[in-house]
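Take a look at the structure set out below.
Values reported hereafter were calculated over all heavy atoms of this structure, with side chains retained and with hydrogens, waters and symmetry mates removed.
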Amino acid sequence: MSKRLLADFLVDGIGRLYTCHQPGDGEGPRRGEGLREVGLVDNGAVAAYQGEIIAVGNSDAVRRAIRVLPGAESIDAEGRAVVPGFVDAHTHAVFGKARPDEFGRRLVGESYQSIAESGGGIRASVRDFRQRSEKELLGLTRSRLKECLKSGSTTVEVKSGYGLNLESELKALRVIRALQSEPSLPRLVATCLAAHEFPDEYRERREEYVDLVCESILPEVASQKLAERVDVFCEPGVFSQDQARRVLARGQALGLSACIHADELEGGGGSALAVELGAASADHLGAISEAGIRALAGSSTVGVLLPGTIFSLGLDEFAPARAMIEAGVALAVASDFNPGSNYCSSIPLTLSIACTRMRLHPHEALVMATLNAAWSLGRAAQVGSLDVSKRCDLVVLGADSLDEMVQHMGGKVVDRVVLNGRSVS
Ligand SMILES: [Zn+2]
């Protein structure tokens with residue numbers, strides 16, 4: 001008899017197991033038809049040892065391959081569906097308080113831009129953020145990340161961007177770093193978004209703020225290893241293409257991976273800039289041009305779509321996902337969880353919006369929120385699919401299929417979340 005692998009974790013009795021595995025994975029994010037390959041296994045099981053997947057597939061085959069150790073955690077999914085833990089590749093989860101007053105103002109006619117120009121929006125969050133202590137922000141962010149985990153996000157990217165000066169940007173990133181070591185929270189990927197907006201004190205001297213970001217904030221962030229990515233909000237009225245190029249190129253020179261808020265509302269050519277700089281991702285893309293789509297399609301940059309924001313803003317300009325898929329753009333989908341334009345961290349709800357408003361098949365949406373999102377964060381070797389040797393992060397759905405999860409909007413669609421081979425909620 002061949003030697004059996006020792007398992008300290010097993011989930012069995014899975015009706016439909018969506019592994020998101022496909023032969024050939026490992027060479028890059030999925031595109032086109034490949035987005036529908038969810039690696040479906042009927043009557044499945046997943047086994048792990050010390051947090052790493054050691055066997056996955058048909059239940060009988062997994063059972064034959066492993067020996068379950070005494071004291072192991074063993075879950076019976078009772079016919080429910082299982083998917084990889086969601087990878088939320090775009091959040092602004094470190095903030096003080098939300099801005100619900102603006103939500104109502106927008107719904108009766110004010111625009112996001114006019115509220116921002118009158119001192120609301122990101123600038124209001126900055127005033128609030130700067131006066132809160134690091135300890136208070138730590139507690140607020142921890143409880144939000146627990147919510148993310150409860151709704152199935154096992155890896156979450158978190159950006160700074162409400163500090164907008166050296167002291168407060170470092171404060172935000174230290175909060176993320178402190179939470180990275182807590183085992184009951186999602187895996188965190190830290191991004192410096194000091195170029196989120198121009199702070200009030202620099203509104204009349206914008207180039208000087210770009211200097212501050214490039215010459216002071218980013219070098220300090222890199223030297224303290226507080227972030228692995230640099231981001232910028234490139235949009236008419238915020239950072240111009242030239243300013244965004246300076247910020248991202250400076251970050252890259254300091255060893256950070258680049259990503260960009262691009263072509264969100266009006267289109268500022270951010271996706272072309274992302275391709276020019278070899279950025280890991282170009283996010284939003286609601287106003288992307290045809291040239292922008294062609295540029296992304298011919299690149300390794302992942303387009304990260306954030307349909308929850310367009311939905312929450314009450315707008316109709318969803319990113320042209322079908323045209324991008326047809327053109328061959330590697331796409332991911334994420335929440336954009338933040339205190340203003342999208343106060344929603346639920347990936348299941350985001351996928352319901354993505355499918356209904358951008359005409360995605362649920363299979364495409366799943367690959368975009370797992371494997372391709374992991375690619376956009378440089379984490380595809382560790383997470384994003386249920387494959388041997390990856391981390392055992394998965395979601396037992398409160399549904400028999402992925403389609404049911406997507407259809408059952410706002411319902412209790414997550415039954416249990418497993419992080420690193422342990423149930424965490
Ligand atoms: Zn954002």
Distance flag, aromatic centroids of Phe318 and Phe311, threshold under 6.0 Å: no

Parallel, tilted or perpendicular: rings of His363 and Tyr18 (30°, 60°): perpendicular

Are Asn420 and Arg187 close enough, and set up right, to give a side-chain hydrogen bond (donor to acceptor under 3.5 Å, both in side chains), and what steps lead you there? CA-CA 10 Å; Asn420 237 354; Arg187 304 171 194 287; 3.2 Å; yes

How far does CD of Glu317 sit from CZ of Arg357, to the nearest 0.5 angstrom? 10.0 Å

Could you check if a side-chain atom of Val156 sits within less than 4.5 angstrom of a side-chain atom of Val189, using non-hydrogen atoms only? no

Can you confirm whether Leu164 sits close enough to Ser168 that some side-chain heavy atom of one is under 4.5 Å from a side-chain heavy atom of the other? no

Whether Thr370 side chain and Pro84 backbone form a donor-acceptor pair below 3.5 Å: no

Could you measure the distance from the CZ atom of Arg30 to the SG atom of Cys20? Nearest 0.5 Å is fine. 6.5 Å

Which is it for Glu73 and Ser423 under the side-chain hydrogen bond (donor to acceptor under 3.5 Å, both in side chains) test, yes or no, and what are the steps along the way? CA-CA 8 Å; Glu73 179 177 352; Ser423 291; 2.4 Å; yes

Can you tell me how the ring of Phe239 sits relative to the ring of Tyr209, calling it parallel under 30°, perpendicular over 60° and tilted otherwise? tilted

Taking side chain as C-beta onward, heavy atoms only, is Leu166 less than 4.5 Å from Glu220? yes

Polar side-chain atom of Ser299 near backbone of Val275 as donor-acceptor pair, under 3.5 Å: no

Should we say atom CD of Gln241 is surrounded by more than 12 heavy atoms from elsewhere, each under 6.0 Å from it? yes

CG/Asp263 to CD1/Ile288 distance, rounded to the nearest 0.5 angstrom? 5.5 Å

Is there a donor-acceptor pair closer than 3.5 Å between any side-chain N or O of Ser114 and the backbone N or O of Ser111? yes

Using 0.5 Å steps for rounding, measure from the OG1 atom of Thr356 to the CG atom of Leu351. 10.5 Å

Electrostatic pair Arg99-Asp128, nearest N-O below 4.0 angstrom: no

Excluding sequence neighbours, so at least two apart, what forms side-chain contact (heavy atoms from CB on, under 4.5 Å) with Cys259? Lys159, Thr191, Arg229, Asp231, Ser281

Hey, are the side chains of Val11 and Leu394 touching, using non-hydrogen atoms and a 4.5 Å cut-off? yes

Evaluate side-chain hydrogen bond (donor to acceptor under 3.5 Å, both in side chains) for Asp242 paired with Ser240, printing each intermediate quantity in order. CA-CA 5 Å; Asp242 284 344; Ser240 69; 5.5 Å; no

Could you check whether Glu134 pairs with Lys171 (Lys NZ or Arg NE/NH1/NH2 to Asp/Glu carboxylate O, under 4.0 Å)? no

Please check if any side-chain donor atom of Glu117 sits under 3.5 Å from a side-chain acceptor atom of Gln113, or the reverse. no

Donor-acceptor pair, Gln22 side chain versus Val38 backbone, under 3.5 Å? no

So, Glu147 versus Ser345: side-chain donor-acceptor pair below 3.5 Å or not? no

Between the side chain of Ser153 and the main-chain N/O of Leu149, is any donor-acceptor distance below 3.5 Å? no

Over all atoms of both residues, closest heavy-atom pair of Leu138 and Ala178: CD1-CB, 3.6 Å

Report the C-alpha separation of Glu52 and Cys392 in whole Å, then their side-chain angles, then the decisive distance to 0.1 Å, and conclude whether the side-chain contact (heavy atoms from CB on, under 4.5 Å) test is met. CA-CA 5 Å; Glu52 182 180 305; Cys392 185; over 6 Å; no

Leu265 and Tyr112 have their tightest heavy-atom pair at CD1-CD2, 4.2 Å

Between Val367 and Glu37, which heavy-atom pair has the shortest distance, and what is it? CG2-O, 3.7 Å

What heavy-atom pair brings Val395 and Gly152 nearest, and what distance separates the two atoms? CG2-O, 3.5 Å

SB check Asp211 Arg246 (cutoff 4.0 Å): yes

So Phe95 and Tyr343, would you call those rings parallel, tilted or perpendicular, with 30° and 60° as cut-offs? perpendicular

Distance-only donor-acceptor hits, side chain of residues 376-383, under 3.5 Å, sequence neighbours excluded:
from   : atom 1 : to     : atom 2 : distance (Å)
Ser376 : OG     : Ala373 : O      : 2.7
Arg379 : NH1    : Glu228 : OE2    : 2.9
Arg379 : NH2    : Glu228 : OE1    : 2.9

Any side-chain heavy-atom pair from Val82 and Leu397 closer than 4.5 angstrom? no

What one should report as the nearest heavy-atom pair of Ser385 and Lys390 is OG-NZ, 2.8 Å

Using side-chain heavy atoms (C-beta onward) and a distance below 4.5 Å, is Cys192 in contact with Leu218? yes

Taken to the nearest 0.5 Å, the spacing of Thr155 OG1 from Leu419 CG works out to 7.5 Å

Can we say Glu364 and Arg322 salt-bridge, meaning some charged N sits less than 4.0 Å from an Asp/Glu carboxylate O? yes

For Ile176 and Ser160 the tightest heavy-atom approach is CD1-N, 4.5 Å

Check whether any side-chain heavy atom of Asn372 lies under 4.5 Å from a side-chain heavy atom of Leu35, and answer yes or no. yes

Before giving the answer on salt bridge (Lys or Arg N to Asp or Glu O under 4.0 Å), spell out for Glu167 and Arg130 the whole-Å C-alpha distance, their side-chain angles and the decisive distance to 0.1 Å. CA-CA 9 Å; Glu167 179 199 337; Arg130 286 180 176 175; over 6 Å; no

Would Arg142 and Glu182 pass as an ion pair if we require N to O under 4.0 Å? yes

Does some side-chain heavy atom of Lys150 sit less than 4.5 Å from a side-chain heavy atom of Val414? no

I'd like to know if the side chain of His261 and the backbone of Phe233 have a donor-acceptor N/O pair within less than 3.5 Å. no

Got a donor-acceptor contact below 3.5 angstrom from the Glu197 side chain to the Val238 backbone? no

Would you mind writing out the side-chain donor-acceptor pairs for residues 328-341 within the sub-3.5 Å range, not counting sequence neighbours?
from   : atom 1 : to     : atom 2 : distance (Å)
Ser335 : OG     : Asp88  : OD1    : 3.4
Ser335 : OG     : Asp88  : OD2    : 2.6
Ser335 : OG     : Phe337 : N      : 3.0
Asp336 : OD1    : His90  : NE2    : 3.1
Asp336 : OD1    : His92  : NE2    : 3.2
Asp336 : OD2    : Thr309 : OG1    : 2.6
Asn338 : OD1    : Gly340 : N      : 2.7
Asn338 : OD1    : Ser341 : N      : 2.8
Asn338 : OD1    : Asn342 : N      : 3.4
Asn338 : ND2    : Asp336 : O      : 2.7
Asn338 : ND2    : Ser341 : OG     : 3.0

Begin with the C-alpha distance, continue with both residues' side-chain angles, and end with the deciding distance and a verdict on salt bridge (Lys or Arg N to Asp or Glu O under 4.0 Å) for Asp200 and Arg203. CA-CA 5 Å; Asp200 290 347; Arg203 290 197 78 73; 5.0 Å; no

Is the closest basic N to carboxylate O distance between Glu110 and Arg106 below 4.0 Å? no

Leu285 and Leu296: side-chain contact (heavy atoms from CB on, under 4.5 Å), yes or no, with the steps? CA-CA 11 Å; Leu285 310 179; Leu296 278 183; 3.8 Å; yes

